[in-house]
Structure formats: structure tokens, C-alpha cells
Amino acid sequence: MGDDGAVENLRGHLLIAGPNLWDPNFRRTVLLVGHHDDEGAVGVVLNRASDVTVAEAAPPLVSLVPADDPLYLGGPVQPQAAVVMADFEDPSVADILALDTIGFLPSEAGPELEEGIRRARVFAGYAGWGPGQLEAEMEEESWIAEPARPDDVFADDPSRLWEDVLRRKGSAFDLLRLMPVDPSAN
């Protein structure tokens with residue numbers, strides 16, 4: 001919450017899973033928040049590629065991404081639905097604009113819209129929070145917020161994104177960054 005009691009808008013921020021977040025859906029994830037207000041928030045997990053390609057899972061979307069691109073696991077909400085995050089030449093055509101020119105492709109997008117897409121990623125599902133839920137998780141220190149950069153969304157090696165963003169935050173986050181996945185195995 002902001003000083004005036006209003007929700008601090010995290011749109012365009014990364015949420016980095018903190019040490020208190022043990023939910024297997026989010027352990028060591030990095031999410032991009034696409035929308036956030038007093039009614040809730042939505043975003044996608046950026047760093048969970050599946051073993052399935054877009055061509056196998058969603059053949060109609062291969063016109064947006066290379067056919068061998070992996071399908072990313074965007075979150076536990078509607079995992080059977082395809083969600084496309086794109087970098088638009090004209091950001092006004094995005095359904096939800098998350099960051100600069102990057103946003104969600106409208107579900108009814110036609111071929112004419114594809115011409116204005118610079119790059120895209122396809123996700124199965126998304127992450128969502130109801131009113132006050134994300135704020136409560138932030139107070140519990142489940143998440144660490146960081147302003148997103150366009151290259152975070154389309155990272156060449158998304159499996160390293162959690163570690164890379166923590167490194168960017170500085171040495172105060174080294175202990176978390178270097179912690180083994182299962183600290184009891186240390």
C-alpha cells in the first residue's frame with residue numbers, strides 16, 4: 001500500500017519469488033505483472049519453459065514464434081489457455097500493456113495484428129491474485145519487486161532469470177541467490 005492507502009501499482013514490475021514462497025507453482029520464479037489495481041493483479045511466469053513446443057501445443061500460434069520455441073508455463077490459472085506476450089510496434093493494440101511496448105495479445109487477434117509484432121512468447125495459463133492478495137503476499141515477503149526490463153521478458157536463457165535478476169539487485173541478495181533449491185540438502 002502507498003502512503004495514501006492506495007494500492008502501489010506493480011504493473012511493469014518483476015516479482016521474484018522470495019525465500020518464504022514455498023508454493024511449488026512459484027518456487028524460484030520470476031513473474032511479470034501485466035495489470036495491478038485494487039481489484040487484483042495478473043501476470044505470467046517468465047522462467048518456466050516446458051518440454052513441449054508451441055508447434056505441438058498451439059499450432060495456430062507458430063506464425064508468431066519459431067515452431068520449435070518452447071511453450072512457457074505462465075501460471076496455474078487456466079493452464080489450458082494460451083496467453084501471448086508480445087512486443088508491439090503499436091502498443092495501443094495490446095489487450096493489456098505491461099511494459100513500454102510489451103503486453104498481452106488480444107484473444108481475438110487476427111493476421112493483421114501479427115505484422116506489428118516484433119517478438120512474442122506463448123504461455124500456458126497465467127498467474128492471478130484477487131483483491132488484496134498480492135499486497136498480503138508482498139507484506140509476507142513472499143515476493144521481491146524489481147522494475148522489469150524488456151529483455152527480461154524475452155530472456156535468451158529464461159532458466160537463469162531468477163538468479164540474474166537477483167544478481168542485478170546487488171550483493172544484499174547474494175545469500176538468497178546462492179541458496180540451494182532445497183536448503184536442507186546443504
For this session: Rounded to the nearest 0.5 Å, what's the gap from CG on Leu64 to CD1 on Ile117? Could you check?
Result: 5.0 Å
Exercise. Is there a side-chain contact between Thr53 and Leu71 (heavy atoms, below 4.5 Å)?
Worked result: no
Problem set entry | Pair Arg149 + Asp152, salt bridge at N-O below 4.0 Å | no
For this session: List the atom of Pro79, the atom of Pro76, and the distance in Å for their closest heavy-atom pair.
Result: CD-O, 3.5 Å
Exercise. For residues 75-88, which residue pairs qualify under side chain to side chain donor-acceptor pair (under 3.5 Å), counting only residues two or more places apart or in two chains?
Worked result: Asp87-Thr101, Asp87-Arg118, Asp87-Arg119
Problem set entry | Shortest non-hydrogen contact from Gly34 toward Ile96 | O-CG2, 3.2 Å
Exercise. Are any side-chain N or O atoms of Asn20 and backbone N or O atoms of Ser142, one a donor and one an acceptor, separated by less than 3.5 Å?
Worked result: no
For this session: Answer whether the closest heavy-atom distance between the side chains of Leu32 and Leu14 falls below 4.5 Å.
Result: yes
Exercise. Can you tell which of Thr29, Leu46, Val153 makes a side chain to side chain contact (heavy atoms under 4.5 Å, CB included) with Leu161?
Worked result: Leu46
Exercise. Taking Trp143 as the fixed residue, which of Leu134, Ile16, Val30, Val33 is the one that meets the side chain to side chain contact (heavy atoms under 4.5 Å, CB included) rule?
Worked result: Leu134
Exercise. In terms of hydrophobic clusters joined by side-chain contacts under 4.5 Å, are Val93 and Leu97 together?
Worked result: no
Exercise. Does any donor atom in the side chain of His13 or Glu8 lie under 3.5 Å from an acceptor atom in the other side chain?
Worked result: no
Seminar exercise, completed: In this structure, CZ of Arg11 is separated from NE2 of His36 (nearest 0.5 Å) by 12.0 Å
Seminar exercise, completed: Ala57 and Val52 have their tightest heavy-atom pair at CB-CG1, 3.7 Å
Problem set entry | Value rounded to 0.5 Å, distance of CG in Asp95 from CE in Met85 | 10.5 Å
Exercise. Can you name the nearest heavy-atom pair linking Arg121 to Pro158, along with the distance?
Worked result: NH1-CG, 4.3 Å
Exercise. Cluster question for you: counting only ILVMFWY and a side-chain heavy-atom cut-off of under 4.5 Å, with indirect links fine, are Val65 and Phe88 together?
Worked result: yes
Exercise. Who pairs with Glu146 by salt bridge (Lys or Arg N to Asp or Glu O under 4.0 Å), at least two apart in sequence or on another chain?
Worked result: Arg168, Lys169
For this session: Kindly work out whether a path of hydrophobic side-chain contacts (I/L/V/M/F/W/Y, heavy atoms less than 4.5 Å apart) joins Leu31 to Val42.
Result: no
Seminar exercise, completed: Between the CG atom in Leu10 and the CE atom in Met138, the distance rounded to the nearest 0.5 Å is 5.5 Å
Exercise. Can you check whether Leu99 reaches Pro150 side chain to side chain, under 4.5 Å on heavy atoms?
Worked result: yes
Exercise. In this structure, are over 12 heavy atoms from other groups packed under 6.0 Å from Glu89 atom CD?
Worked result: yes
Exercise. Do other residues, nucleotides or ligands put more than 12 heavy atoms under 6.0 Å from the CG atom of Asp157?
Worked result: yes
Exercise. Would a distance-only check, ignoring hydrogens and angles, find a side-chain to backbone donor-acceptor pair under 3.5 Å from Asp100 to Ile102?
Worked result: no
Problem set entry | Phe26-Val77 co-clustered via ILVMFWY side chain contacts under 4.5 Å | no
Exercise. Under the 3.5 angstrom rule, does the side chain of Gln133 hit a backbone N or O of Gly130 as a donor-acceptor pair?
Worked result: yes
Exercise. Just wondering, are more than 12 heavy atoms of other shown residues or ligands nearer than 6.0 Å to CD in Glu141?
Worked result: no
Exercise. Do Asn47 side-chain atoms and Arg28 backbone N/O form a donor-acceptor pair below 3.5 Å?
Worked result: yes
Exercise. Does a side-chain heavy-atom distance below 4.5 Å link Glu140 with Glu135?
Worked result: no
Problem set entry | Summary of ring-ring contact (aromatic ring centres under 6.0 Å, His included) pairs that have at least one residue in residues 115-135, sequence neighbours excluded | Tyr72-Phe123
For this session: Could you tell me the separation between the CD1 atom of Ile144 and the CG atom of Leu166, rounded to the nearest 0.5 Å?
Result: 5.5 Å
Exercise. If you round to the nearest 0.5 Å, how far is OG of Ser50 from CG of Leu73?
Worked result: 5.0 Å
For this session: State, to 0.1 Å, how close Ala82 and Leu61 come at their nearest heavy-atom pair, and which atoms those are.
Result: CB-CD1, 3.8 Å
